[in-house]
Colleague: 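Okay, here's the structure, questions in a sec.
Every chain is numbered from 1, with letters handed out A, B, ... down the list of sequences.
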Amino acid sequence: MNLFTEIRAVVLDAVARQIEAGALPEGLATQAITVEPPRDPSHGDMATNAAMVLAKPAGQKPRDLADRLAPILSEDARIGEVTVAGPGFINLRLAPNLWSGVVAAAIANGSDFGRSQMGVGQKVNVEFVSANPTGPLHVGHTRGAVFGDALASLLDFAGFEVTREYYINDGGAQVDVLARSAYERYREACGLNPEIAEGLYPGDYLIPVGEALKEKFGDTLLDQPEDAWLAQVRDFATSMMMDLIRADLKSVGVVMDVYYSEKSLYGTGRIEATLEDLEGRGLIYEGVIEPPKGRVPEEWEPRPQTLFKSTEYGDDTDRPIKKADGSWTYFAPDIAYHKDKVDRGFDLLIDVLGADHGGYVKRMKAAVAALSDNRVPLDIKLCQLVKLFKGGEPFKMSKRTGTFVTLRDVVQEVGPDVTRFVMLTRKNDAPLDFDFVKVLEQSRDNPVWYVQYAHARTNSLMMRAGEAGIAADDSALARADLTALAHEAEIGLIRKIAEFPRLVETAAHHHEPHRVAFYLYDLASEFHSWWNRGQDEPGLRVIREEAPDLTLARLALSRAVQVVISAGLGILGVAPMKEMK
RNA sequence: GGCCCCGUAGCUCAGCAGGAUAGAGCAACCGCCUCCUAAGCGGUAGGUCAGAGGUUCGAAUCCUCUCGGGGCCGCCA
C-alpha cells in the first residue's frame with residue numbers, strides 16, 4: 001500500500017473529470033504530475049503539482065486550474081482540507097484515519113510492509129562480484145558483493161523477479177597463472193622449494209591448494225612438462241578458489257543463484273554464433289584502430305583486427321574482439337555471455353563492476369543493445385574504491401607481499417551486519433571511507449548502531465509492556481484505537497512510516513539501495529526523538545499504566561516503526577538487534 | 001586528445017522522477033539524567049549548491065562550456 005500513489009490516482013481522476021466536463025482539453029500528458037510530501041509539513045500532508053504541469057498545455061493559468069481542481073479533490077472521503085498555494089500547488093490534508101491506517105497496515109503486513117508490485121514480475125539479472133577465481137575476495141569485492149546483493153533484494157521487494165549471478169572468469173590467461181602458482185605450492189607440498197617467479201600469485205591461500213594437489217596426484221605431476229599438468233591443475237585450482245569465494249560470499253550473507261562459467265562458452269560454438277549474429281547486422285569487420293590520442297603507447301603499430309562496431313551504439317571507438325594472435329579478447333566471450341542472458345528471457349540486465357571498468361561500460365551497452373534489438377536495457381553500476389582506516393589513520397595494505405585486506409578480514413573484525421550496512425551508507429559511485437574503529441562506535445554518527453538502537457528500543461518497549469501485564473501482541477495492537485495518536489511527534493513519525501513504500505519504489509527505480517539506509521537513519525532519528533519527549537513530558541511516554549488505550553496506540557506505533565526498520569534492514573541484508581550489548 | 005564519475009555548511013555526506021525558505025551527522029556554543037536504555041534528546045550558529053550561459057511558470061537536479069579532483073583509454077581481465 002502506497003498512500004502517495006493512491007492519492008495520485010485521486011488527482012488523476014479529478015483531472016479526468018475536468019476533461020469530461022470540457023474544462024480541460026483532451027490528450028493531456030499526465031506523467032509529470034506528482035504527489036509528494038511538501039518540504040514544510042505546515043503546508044499539509046501531501047502536495048501535487050498538477051495545476052502547474054497542466055497549465056501550459058491547457059492554455060490556462062495554474063491558479064485558476066488549481067481552484068477548479070480543489071473542490072473536486074475535497075469530495076474524496078480520504079481528503080480533508082484542500083488549499084491552493086504559491087504558484088499553483090494544491091496542498092492536501094488527509095483524513096485522519098488514513099494515517100492510522102498506515103500504522104495498522106504496517107503491523108498487519110509485518111516485514112512485507114512496503115512490498116511493491118512496481119516490477120510487475122519482470123525478470124532482472126543482477127550480475128555482481130564476478131571476481132577472477134584466483135584468490136580470496138578483498139575489500140573492493142566486498143563492496144560490490146554487498147551492493148549487488150542489496151540491490152537484488154531491493155528489486156525483489158519492489159516486485160521484480162531477480163536472479164543473482166556470478167560470472168566466473170575461468171577462460172583467460174589469469175587462470176593459467178593461477179595453475180602455475182598452485183603448481184609451485186604443489187612442489188612445496190612435495191618437499192621441494194617453490195619458485196614463485198615474478199608475475200605468479202604469491203599468496204598463502206594457495207598452500208592448501210598445493211597440499212590438496214599432492215593428496216590427489218601424489219608425486220605424479222613432478223618433473224612433468226607444463227603441458228602435461230596445466231589443464232588439470234588449472235581446473236583443480238579454479239574449483240578450489242571458487243569454493244573459497246563461495247565461502248567468502250556466504251560469510252557476508254551473499255548467496256548466488258547462478259555461477260556462470262566463461263570457459264563453458266568455449267568450444268560450444270556459442271561465441272562464434274553470437275559474433276555471426278552481430279556480423280549479420282553488419283557490426284563486425286576487419287580493421288585498424290586509431291591509437292588513443294594524446295597518449296600514444298611506445299610501441300604502437302597499427303594492425304588489422306576483428307572489430308565490433310560499437311560506435312554505432314554510442315561508443316567512442318570500435319572495439320577488438322580478437323587479439324593479434326587470433327584468440328578472443330575478454331570482450332568476445334563476454335558478449336556471448338550477455339547474449340545468453342538476453343536469451344534466458346531477462347527484461348533487464350544489471351552489471352555491478354569496479355570503477356576501474358569504467359571504460360568497459362559503453363562497449364557492453366552497445367553489444368547488448370545490438371543483440372537485443374534495443375529491447376533489453378543494461379544498467380552498469382560502478383562501485384568506487386573503499387578506503388580503509390583504523391581510528392582515523394589510513395590502513396595501508398601491501399600488494400607487493402601479497403597481503404591485502406580480504407573480505408574475511410573485514411567480516412571477522414566487525415561482523416557481517418556492520419560490514420553490509422556501512423558499505424551501503426554511500427552511493428555506489430562515490431568513494432567510501434571504512435574505518436574499522438568508527439563503524440563499531442556506539443554513537444549517533446555511526447548509522448548502524450543508531451538504527452539498531454532504535455530497533456532494540458522498540459523491542460524493549462514491548463518487553464516493558466509485557467512486564468506491566470499489557471498484552472501487546474500484534475492481534476492486540478490491531479485493536480488499538482489509533483486516533484489517540486494525535487501529537488505532532490506521533491503524526492510526524494507516522495508520516496515517515498508512510499513514506500517507506502514510496503521510498504522503496506524510488507530506490508528500486510534508481511537502482512540505489514543506499515537510499516534505504518539513509519531512510520532508516522532518518523526514521524530512527526524521528527523515533528528516538530519521540531521516545532525522548534517522554535523524558536521531558538511524562539504524558540508522552542509510551543507506557544502509561546493509567547491510560548491503557550493510549551498506551552496500546554503508542555505501542556502500535558512503536559511496533560510499526562519496528563516493522564519498518566526490520567523490513568528495511570531486511571532489504572539491506574542486516575539482522576535487526578533485539579537488545580544492545 | 002577522448003570518454004566516465006565527482007565538486008552542496010569548517011569536515012563527512014544526503015537531497016526523493018525539475019517544485020515552495022537547500023538537509024543530516026561531526027566539530028563549536030547553550031540547555032536536559034531521583035524519569036520507558038543520557039551509548040541519548042532539544043536548541044543556536046554555519047551555504048553566492050565550483051563558475052558562466054541555456055531550457056522552464058520554476059533548476060542543486062536537465063543541456064552546453066570553463067575550472068578543479070579521481071578513473072579509464074589495442075595485443076590484461
Colleague: To the side chain of A:Lys323, which of B:A20, B:G25, B:C76 is closest?
Modeller: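 It is B:C76.
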Colleague: Distance check: side-chain N/O of A:Arg39 vs OP1/OP2 of B:A20, anything under 4.0 Å?
Modeller: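 A:Arg39 to B:A20 OP1/OP2: side-chain N or O found under 4.0 Å.
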Colleague: Given A:Tyr337, which of A:Tyr266, A:Tyr330, A:Tyr260 fulfils the ring pair (Phe, Tyr, Trp, His ring centres under 6.0 Å) condition?
Modeller: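 Option passing the ring pair (Phe, Tyr, Trp, His ring centres under 6.0 Å) with A:Tyr337: A:Tyr260.
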Colleague: Nearest-nucleotide wise, let me know which of A:Asp445 and A:Ile90 is further upstream toward the 5' end of RNA chain B.
Modeller: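 Its nearest nucleotide lies further toward 5', so the answer is A:Ile90.
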Colleague: Taking the P atom in each of B:C41 and B:A24, what is the distance between them to the nearest angstrom?
Modeller: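 Approximately 13 Å lies between the P atom of B:C41 and that of B:A24.
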Colleague: Would you kindly give the CD-to-C1' distance between A:Gln452 and B:G40, to the nearest whole Å?
Modeller: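 Atom CD in A:Gln452 sits about 17 Å away from atom C1' in B:G40.
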Colleague: Please check if the number of heavy atoms outside A:Glu467 that lie under 6.0 Å from its CD is greater than 12.
Modeller: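 Yes - once you tally the heavy atoms of other residues, nucleotides and ligands closer than 6.0 Å, there are more than 12.
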Colleague: Give a yes or no answer on whether the side chain of A:Thr48 reaches the backbone of A:Ala50 with a donor-acceptor pair at less than 3.5 Å.
Modeller: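 Answer holds: yes.
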Colleague: Which is true for A:Arg544 with a 4.0 Å heavy-atom rule: it touches a base, it touches only sugar-phosphate, or it touches nothing?
Modeller: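 The answer is nothing, as A:Arg544 stays clear of every strand by at least 4.0 Å.
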Colleague: With the side chain of A:Lys362 defined as its heavy atoms from C-beta on, choose the nearest nucleotide among B:C3, B:A77, B:U37.
Modeller: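 The answer is B:C3.
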Colleague: So, under a plain 3.5 Å distance rule, would you say the side chain of A:Asn49 forms a donor-acceptor pair with the base of B:A20?
Modeller: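 No.
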Colleague: Please report, rounded to the nearest Å, how far the P atom of B:C36 is from the CZ atom of A:Arg533.
Modeller: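 In whole Å, B:C36 P lies 18 Å from A:Arg533 CZ.
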Colleague: Output the single nucleotide from B:U37, B:C6, B:A77 whose closest atom is nearest the side chain of A:Trp531.
Modeller: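 It is B:U37.
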Colleague: Under the 3.5 angstrom rule, does the side chain of A:Asp379 hit a backbone N or O of A:Ile350 as a donor-acceptor pair?
Modeller: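 No; judged by distance alone, with no hydrogens or angles, the pair does not exist.
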Colleague: Kindly say if A:Ser529 contacts the phosphate of B:G42, meaning a side-chain N or O under 4.0 Å from OP1 or OP2.
Modeller: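 For B:G42, OP1/OP2 do have a side-chain N/O of A:Ser529 under 4.0 Å.
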Colleague: Which heavy atom of A:Tyr313 sits nearest to which heavy atom of A:Ala369, and what is that distance?
Modeller: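 Minimum heavy-atom contact is CD2-CB, 3.6 Å.
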Colleague: Within the structure, does a side-chain N or O atom of A:Tyr450 lie under 4.0 Å from either OP1 or OP2 of B:C41?
Modeller: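 Indeed, a polar side-chain atom of A:Tyr450 lies that close.
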Colleague: What's the closest nucleotide to the side chain of A:Met52 if the choices are B:G40, B:C3, B:G19?
Modeller: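 The answer is B:G19.
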Colleague: Specify the separation, in whole Å, of atom NZ of A:Lys381 and atom P of B:G71.
Modeller: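 Distance check: A:Lys381 NZ to B:G71 P gives 22 Å.
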Colleague: Now, which nucleotide makes the Watson-Crick or G-U wobble pair with B:C29, with each of the two distances under 3.5 Å?
Modeller: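 Pairing partner, where one exists within any strand: B:G43.
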Colleague: Check whether any side-chain N or O of A:Arg444 sits under 4.0 Å from OP1 or OP2 of B:C41, and answer yes or no.
Modeller: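 For A:Arg444, the contact criterion (side-chain N or O under 4.0 Å from OP1 or OP2 of B:C41) is met.
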Colleague: Between A:Lys427 and B:G15, does any side-chain N or O lie under 4.0 Å from OP1 or OP2?
Modeller: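 Checking A:Lys427 against B:G15: at least one side-chain N or O falls below 4.0 Å of OP1 or OP2.
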Colleague: Counting only side-chain heavy atoms from C-beta out, which of B:G19, B:G40, B:A77 sits nearest to A:Arg457?
Modeller: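 For the A:Arg457 side chain, the nearest candidate turns out to be B:G40.
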Colleague: OP1 or OP2 of B:G15 versus the side-chain N and O atoms of A:His514: is any pair under 4.0 Å?
Modeller: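 Yes, A:His514 has a side-chain N/O under 4.0 Å of OP1/OP2 on B:G15.
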Colleague: Salt bridge check, A:Lys438 against A:Asp433: does any charged N sit closer than 4.0 Å to a carboxylate O?
Modeller: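 No salt bridge links A:Asp433 with A:Lys438.
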Colleague: Heavy atoms only, 4.0 Å cut-off, all strands: where does A:Gln535 land among base, sugar-phosphate and nothing?
Modeller: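 Base, at least one base atom sits under 4.0 Å.
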Colleague: Remember a base hit wins even if backbone is also touched, and classify A:Val53 as base, sugar-phosphate or nothing at under 4.0 Å, heavy atoms.
Modeller: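 If one applies the 4.0 Å heavy-atom cut-off, A:Val53 turns out to touch a base.
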Colleague: Contact class for A:Asp315 vs. all strands (heavy atom < 4.0 Å): base, sugar-phosphate, or nothing?
Modeller: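 The residue A:Asp315 makes no contact with any strand.
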Colleague: How is A:Asp435 classified with respect to the nucleic acid when contacts are heavy atoms under 4.0 Å: base, sugar-phosphate, or nothing?
Modeller: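 Here A:Asp435 touches no strand at all.
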Colleague: Would you say the side-chain atoms of A:Asp351 and A:His338 include a donor-acceptor pair closer than 3.5 Å?
Modeller: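 Their side chains do contain a donor-acceptor pair, which is all the 3.5 Å distance test asks for.
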Colleague: Could you check how far OH of A:Tyr313 sits from P of B:C3, rounded to whole Å?
Modeller: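 It is 22 Å, rounded to the nearest whole Å.
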Colleague: Figure out the CG/C1' separation between A:Asn169 and B:C76, and round it to whole Å.
Modeller: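 Computing the A:Asn169:CG to B:C76:C1' distance gives 11 Å.
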Colleague: Have a look at A:Phe518 and say if it touches a base, only the backbone sugar-phosphate, or nothing, with a 4.0 Å heavy-atom cut-off.
Modeller: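 Counting heavy atoms under 4.0 Å across all strands, the contact made by A:Phe518 is with sugar-phosphate only.
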Colleague: Please check if atom CD in A:Gln117 has more than 12 non-hydrogen atoms from other residues, nucleotides or ligands closer than 6.0 Å.
Modeller: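 Counting other residues, nucleotides and ligands, CD of A:Gln117 stays at 12 neighbours or fewer.
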Colleague: Categorize A:Lys322 for me: base, sugar-phosphate, or nothing, with a 4.0 angstrom heavy-atom threshold over every strand shown.
Modeller: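 Touches nothing.
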Colleague: Using a heavy-atom cut-off of 4.0 Å across all strands, would you classify A:Phe331 as base, sugar-phosphate, or nothing?
Modeller: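 The answer is nothing, as A:Phe331 stays clear of every strand by at least 4.0 Å.
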Colleague: With a 4.0 Å cut-off on heavy atoms, is A:Gly534 in touch with a base, just the backbone sugar-phosphate, or nothing at all?
Modeller: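 If one applies the 4.0 Å heavy-atom cut-off, A:Gly534 turns out to touch a base.
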Colleague: Side chain of A:Ala430 only, please: which of B:A24, B:C72, B:A14 is the nearest?
Modeller: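 Of B:A24, B:C72, B:A14, B:A14 is nearest to the side chain of A:Ala430.
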Colleague: Using a heavy-atom cut-off of under 4.0 Å over every strand shown, decide if A:Pro320 touches base, sugar-phosphate, or nothing.
Modeller: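 Counting heavy atoms under 4.0 Å across all strands, the contact made by A:Pro320 is with sugar-phosphate only.
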Colleague: Within the pair A:Arg363 and B:C3, is there a side-chain N or O less than 4.0 Å away from OP1 or OP2?
Modeller: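 For B:C3, neither OP1 nor OP2 has a side-chain N or O of A:Arg363 closer than 4.0 Å.
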Colleague: Nearest to the side chain of A:Arg541 - B:C36, B:C41, B:A77?
Modeller: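 From the listed options, B:C36 comes nearest.
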Colleague: Please determine if a side-chain N or O atom of A:Arg515 lies less than 4.0 Å away from the OP1 or OP2 oxygen of B:C13.
Modeller: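 It does not, given that no N or O in the side chain of A:Arg515 lies less than 4.0 Å from OP1 or OP2 of B:C13.
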Colleague: If the glycosidic angle sits within 90 degrees of zero it is syn, else anti. Tell me which applies to B:C33.
Modeller: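 Syn conformation for B:C33.
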Colleague: In terms of the nearest nucleotide of RNA chain B, which residue is placed more toward the 5' end: A:Tyr360 or A:Leu540?
Modeller: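 Nearer the 5' end of the strand: A:Leu540.
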Colleague: Rounded to whole angstroms, how far apart are CD1 on A:Ile380 and P on B:C3?
Modeller: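 Those two atoms, CD1 and P, are 18 Å apart.
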Colleague: For A:Tyr330 and B:C73, give me the distance from atom OH to atom P, rounded to whole Å.
Modeller: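 Nearest whole value for this atom pair: 14 Å.
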Colleague: Taking any heavy-atom pair under 4.0 Å as a contact, classify A:Ala507: base, sugar-phosphate, or nothing.
Modeller: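 Since no nucleic acid heavy atom lies under 4.0 Å of A:Ala507, the category is nothing.
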Colleague: Check every atom of B:G25, B:G40, B:C6 against the side chain of A:Asn532 and return the nucleotide holding the closest atom.
Modeller: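 Out of B:G25, B:G40, B:C6, the nucleotide with an atom closest to A:Asn532's side chain is B:G40.
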Colleague: Expressed in angstrom and rounded to an integer, what is the separation of A:Glu512 atom CD from B:C16 atom C1'?
Modeller: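 These atoms are roughly 10 Å apart.
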Colleague: Nearest to the A:Gln305 side chain among B:U37, B:A77, B:G74, which nucleotide is it?
Modeller: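 Nearest nucleotide to the side chain: B:G74.
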Colleague: If you look at every strand shown and take non-hydrogen atoms under 4.0 Å, does A:Val542 touch a base, only sugar-phosphate, or nothing?
Modeller: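 Base, at least one base atom sits under 4.0 Å.
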Colleague: Out of B:C6, B:C36, B:A38, which has the shortest distance to the side chain of A:Ile543?
Modeller: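 The listed nucleotide nearest to A:Ile543's side chain is B:C36.
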Colleague: For a quick check of understanding: with a heavy-atom distance under 4.0 Å over all strands, which category does A:Tyr519 fall into, base, sugar-phosphate or nothing?
Modeller: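 Answer is nothing: A:Tyr519 stays at 4.0 Å or more from every strand.
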Colleague: Taking OP1 and OP2 of B:C36, is either one under 4.0 Å from a side-chain nitrogen or oxygen of A:Ser460?
Modeller: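 For B:C36, OP1/OP2 do not have a side-chain N/O of A:Ser460 under 4.0 Å.
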Colleague: Quick check: are there more than 12 heavy atoms from other residues, nucleotides or ligands sitting under 6.0 Å from CD of A:Glu441?
Modeller: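 For A:Glu441, atom CD is crowded (more than 12 foreign heavy atoms under 6.0 Å).
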Colleague: Looking for any heavy atom pair under 4.0 Å, which part of the strands does A:Ala456 touch: base, sugar-phosphate only, or nothing?
Modeller: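 If one applies the 4.0 Å heavy-atom cut-off, A:Ala456 turns out to touch a base.
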